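Everything below concerns the one structure shown next.
Read the numbers this way: they start at 1 and go in the same order the structure lists the ligands and their atoms. Remember, it's a predicted structure, so these values are computed and weren't measured experimentally.
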Amino acid sequence: MKPVKITEGVYSLRVNHFNRHLFDSLIPLPEGTSYNAYLVKGSQKTALMDSVDPEKAEVLFDYLRGEEKIDYIVSHHAEQDHSGSIPLVLARYPGAKVVTNPKCKDFLISHLRIPADKFIEVKDGETLPLGGKTLEFLCMPWVHWPETMSTYLREDKFLFTCDFFGSHLATGELFSEERTVYEPMKRYYAEIMMPFRSSIKTHLERLAGYDISFIAPSHGPVHKDPKFVMDIYRDWVEGEPRNKALVAYISMHGSTYLLVNRLVSRLEEAGVCVEKLNLDHFDEGRVAMALVDAATVVIGTPTVLTGPHPKAVYAAYLANLLRPRTKFVSVIGSFGWGGRAVETIAGLIPNLKAEVLKPVMVKGQPTEADLKEIDALAELIAEKHSGLRPG
Ligand code: FEO
């Protein structure tokens, strides 16, 4: 593999992982992912920006085989898909120093046992000259760990962002295209970044003061239209949710399914965009992406023994972890002889600062009166959504 020149002295060392199907043993990857390192060559010094997942270290070394000297390894984030090969790079280039902030240094020492004397610590705003190229370090905590950092390459107006603005997308295309990157970027944001909306908002405000020509993340393609990417992020972190309801459900003997179908029909008739997801076999990423936009979340669950179905519990727990901007929630479902399905679900979602709309739990198969309650819930949701942007 040869480094791919992006501009004079700046190279992409992207390692695609097309057949990786799961990230963090949790997140499905329908389009694979990539780990992107970059090489910045000044007239005097050379810096490697991050490394790659150690599983793919040999590809990184293939890129580096003509490179006799690396002076600095800039580490933006200690998670191992970017830092895991740093000990191997240090072994190959023993004169290199790892450049990072104190918190990231601490994490790299504890996660990878890199010796403390291998580091150069930098503070927020500090610069490092490479000879005709100047790296400016921007501490940007909580995208999505507390030590995360970006680097601005002043002369070329590059912003190296590691996970920030990344997308789980393995591709041979160097640059992103709106059509192909939007969904992988949304999936990435929903699963990784959404809980940190307020930190991201602050960082976006800071970045508005920088003249940026390229955003070079460490997953997915390079963005040469930073405005497109930043506008999408601004919408996701600052905008109101949309006229959309996520109805995530599971049914055992069909009663909950009847309620769900009625609700979905009535919502659609009332002009609410609906994403109906069967939790029987579900992709966590689809749930997460729906949560980015949905103003309302309705969980549909039968009662198992005394509580909600475990798959409904999992979905509710996931939604709570991701802290979406949901405004309204409800629960619909069925029971045989009693139980506390609604109370259990409600206890699982304290992070959702949402208004609870009256749940509809029915005994056995829904009666016409039960279905009228569902109609009333649909009507209420449509009313609450009045004035929201299209879903
Ligand atoms: Fe791509 Fe947080 O690591």
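- Taking a cutoff of 4.0 Å between a charged side-chain nitrogen and a carboxylate oxygen, E183 and K186 do not qualify as a salt bridge.
- Looking only at N/O/S atoms, H219 comes nearest to atom 1 (Fe) of ligand 1 through NE2.
- Evaluation of the side chain to side chain donor-acceptor pair (under 3.5 Å) test over residues 93-102, restricted to residues two or more places apart or in two chains, returns none.
- For atom 2 (Fe) of ligand 1, the tally of protein N/O/S atoms lying closer than 2.8 Å stands at 4.
- Screening residues 217-260 for ring-ring contact (aromatic ring centres under 6.0 Å, His included), with sequence neighbours left out, gives F23-H219, H82-H219, F164-Y233, F165-Y233, H168-H219, Y182-W236, Y188-H219, Y189-Y233, Y189-W236, Y233-W236, Y249-Y257.
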Q: Check the pair D62 / K2 against salt bridge (Lys or Arg N to Asp or Glu O under 4.0 Å), numbers first and verdict last.
A: CA-CA 8 Å; D62 195 24; K2 282 193 172 166; over 6 Å; no
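- With respect to K327 and E240, a salt bridge is recorded, a charged nitrogen being found less than 4.0 Å from a carboxylate O.
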Taking distance alone, no hydrogens or angles, what donor-acceptor pairs closer than 3.5 Å link side-chain atoms of residues 6-13 to residues at least two apart or in another chain?
| residue | atom | partner | partner atom | Å |
| --- | --- | --- | --- | --- |
| E8 | OE1 | K5 | NZ | 2.8 |

